[in-house]
There are 2 protein chains.
Amino acid sequence: MSDTHPAIKKGRKFDQVVEGARIVFLRDGFEGASVDDIAREAGVSKATLYSYFPDKRVLFLEIAAQETRRQADAFEERMDENLSPDALLPNVGRKILDFILSDFGQAVFRIAVSESDRFPELGRKYYESGPALVTKRLSQYLASCTARGELAIDDIELAAEQFAELCKVRVQSMRLFQACCDIDDSEKQKVIDGAVHMFLCCYGVRK
Amino acid sequence: MSDTHPAIKKGRKFDQVVEGARIVFLRDGFEGASVDDIAREAGVSKATLYSYFPDKRVLFLEIAAQETRRQADAFEERMDENLSPDALLPNVGRKILDFILSDFGQAVFRIAVSESDRFPELGRKYYESGPALVTKRLSQYLASCTARGELAIDDIELAAEQFAELCKVRVQSMRLFQACCDIDDSEKQKVIDGAVHMFLCCYGVRK
DNA sequence: GTTAAACTAAACTGTTGAGTTCAGAAATGC
DNA sequence: GCATTTCTGAACTCAACAGTTTAGTTTAAC
């Protein structure tokens, strides 16, 4: 059996369908997206679309699962545990912040918030593959710093979540609610510096 | 002219309509809510509803405006500027956290996130009457502390936003994405204590 | 008790969108 | 070439929902 791919798919336009759905769902949400829109965006007939997916709901869940995986990939890289906090935290902060502000990060967040009522699993998966994953990786790093005596942290998981949260200051809601034109680089840097400074102030060991 | 009320309303069931719309919109969002649902919930006929509001959109905006006002009221009380930070901040933290976790706070946030694309003004109003208002009040207080020499803060607005953000640690996303059964009181207290401790660590003056 | 305003219930219109069907065209395998 | 699978497109069903209309009922003011 020369099956290269898992199982279910069996047509040449499968990927087109998925890609079209991705674009439209991320742009318009579940209700907002119409199947006709998706088919048009995918350059595919409705019948073809329905030959792959039994209904809109299943298609949506497929996309959502795929996107949470994609989200997880963006954070899966292990951090260099040997770097000192004041060298590594700014990079981590920048990465978190850039993700939050990216079109992709915004879209996924918006979808997760507004559809996690209709699809309870979606909210949990988003959380696991996003915020929870970040703080897990960060916790591991902070633990090794603490072990080395570079940081003095009591509740490591709380500390990790605090740092991640501090990186969202100002920018998250501003972007989310279009409360401001846009966030320039110096603004971002201010937030990251603030987060790192506050964190090290609290958990850093005096030299 | 013995007009007691502004202008537009002119029937006895006006308040019922608004109340019904409030319940259904906050529960189901704009698309999710049907006008028939609202009329049923309000105990009113559809014709009556349409005698007050020209269409669903206007009704929604009315509710949204009302709810952002309600949200603002929850934070409008001025803080006692004479209290020391370690006495006042825990109370502020508790208030923020309780609001975030309340059904009302959750519902309004969810609506703001998912409908601020369809109704651009809504997002901004939500932001102004919620997060922005909190940090504004908090900034005033922090400024007076700094003036008294009780705190040493460089960028006051940033500090205010940092404190508010620290109060959302863990609980905000957990509740939002139903990632955990529920948040008990000791958990809340841990988050607040963590926020206050971190904040004072960074901005408190050494005694 | 009369009258006018507010309200009701239910049927109606028009639209939109999910999902189906099918006759035929295009690609693919051999 | 020929056969099979995949895809098309357009027309279709069906249900939900926004908004309207109407004939008739309730409320309340005087």
Side-chain angles (χ1 to χ4, degrees), chain A residues 1-64 111 114-115 117-119, chain B residues 1-64 111 114-115 117-119:
Chain A
M1 320 291 171
S2 61
D3 267 358
T4 39
H5 278 299
I8 320 152
K9 69 175 274 188
K10 48 193 155 176
R12 9 180 191 121
K13 307 220 167 170
F14 185 88
D15 293 345
Q16 280 181 51
V17 172
V18 170
E19 176 60 11
R22 202 181 70 78
I23 292 168
V24 179
F25 276 136
L26 286 190
R27 190 186 58 211
D28 301 337
F30 179 76
E31 281 282 9
S34 86
V35 176
D36 293 83
D37 278 358
I38 293 172
R40 199 175 312 116
E41 179 70 41
V44 137
S45 81
K46 234 170 132 185
T48 301
L49 188 155
Y50 275 103
S51 77
Y52 292 132
F53 297 95
D55 60 32
K56 189 186 177 187
R57 226 176 145 274
V58 171
L59 176 56
F60 179 75
L61 287 173
E62 171 64 28
I63 303 300
I111 295 280
S114 48
E115 306 300 348
D117 209 48
R118 194 193 317 267
F119 305 101
Chain B
M1 319 292 170
S2 60
D3 268 359
T4 39
H5 279 296
I8 321 150
K9 68 175 274 187
K10 48 191 160 187
R12 357 171 203 129
K13 307 217 167 171
F14 185 88
D15 293 345
Q16 280 181 51
V17 171
V18 170
E19 176 60 11
R22 203 182 68 78
I23 291 170
V24 178
F25 277 136
L26 286 191
R27 189 186 59 209
D28 300 335
F30 179 75
E31 281 281 11
S34 86
V35 177
D36 293 82
D37 278 358
I38 293 172
R40 200 176 312 118
E41 180 69 42
V44 138
S45 81
K46 238 169 129 184
T48 301
L49 188 155
Y50 275 103
S51 77
Y52 292 131
F53 297 95
D55 60 32
K56 189 187 176 186
R57 223 175 148 276
V58 171
L59 176 55
F60 179 75
L61 287 173
E62 171 65 29
I63 303 300
I111 295 280
S114 48
E115 307 299 348
D117 208 48
R118 195 193 315 269
F119 305 101

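Below, each value reflects all heavy atoms present in this structure, side chains not excepted, and no hydrogens, waters or symmetry copies.
- Taking every heavy atom of both residues into account, B:Ile63 and B:Val18 meet most closely at CD1-O, 3.5 Å.
- Considering every non-hydrogen atom in both A:Phe30 and A:Lys56, the closest pair reads O-NZ, 2.9 Å.
- When the P atom of C:dT13 is taken as reference, atom CG of B:Asp36 falls 17 Å away, rounded to whole Å.
- Residues A:Gly11 and A:Tyr52 approach most closely at CA-OH, 2.8 Å, considering heavy atoms.
- Considering only side-chain N and O atoms, A:Lys56 lies under 4.0 angstrom from the phosphate OP1 or OP2 of C:dA18.
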Show every donor-acceptor pair shorter than 3.5 Å between a side-chain atom in residues 36-44 of chain A and any protein atom, with sequence neighbours excluded, or say none if there are none.
residue: A:Asp37; atom: OD1; partner: A:Arg40; partner atom: NH1; Å: 3.3

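- Distances shorter than 4.0 Å separate none of the side-chain N or O atoms of B:Thr48 from OP1 or OP2 on C:dC7.
- Atom pair A:Tyr50:OH and C:dG19:P shows a separation of 4 Å (rounding to whole Å applied).
- Rounded to whole Å, the distance from CG on B:Leu49 to C1' on C:dT8 is 13 Å.
- Distances shorter than 4.0 Å separate none of the side-chain N or O atoms of B:Lys46 from OP1 or OP2 on C:dA10.
- Residue-to-nucleotide proximity on DNA chain D shows that, of B:Arg12 and B:Pro54, the 5′-proximal contact is made by B:Pro54.
- B:Gly43 comes within 4.0 angstrom of sugar-phosphate atoms only, judged by non-hydrogen atoms across all strands, and of no base.
- For the pair B:Leu59/B:Val35, no side-chain contact is recorded, criterion being any heavy-atom separation below 4.5 Å from C-beta on.
- Residue-to-nucleotide proximity on DNA chain C shows that, of A:Ala47 and A:Ala33, the 5′-proximal contact is made by A:Ala33.
- Taking all atoms of both residues into account, the shortest heavy-atom contact from A:Glu115 to A:Glu31 is OE2-N, 4.2 Å.
- The CG atom of B:Asp55 sits 16 Å away from the C1' atom of C:dT15 (whole-angstrom rounding).
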Q: Using the side chain to side chain contact (heavy atoms under 4.5 Å, CB included) rule, take B:Ile111 and B:Phe60 through it: C-alpha gap first, then chi angles, then the decisive distance, then the call.
A: CA-CA 11 Å; B:Ile111 295 280; B:Phe60 179 75; 3.8 Å; yes
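- C:dT16 atom C1' lies 12 Å from atom CD of A:Glu31, rounded to whole Å.
- Reading DNA chain D from its 5' end, the first and the last nucleotide to sit under 4.0 Å from a heavy atom of chain A are D:dT6 to D:dG9.
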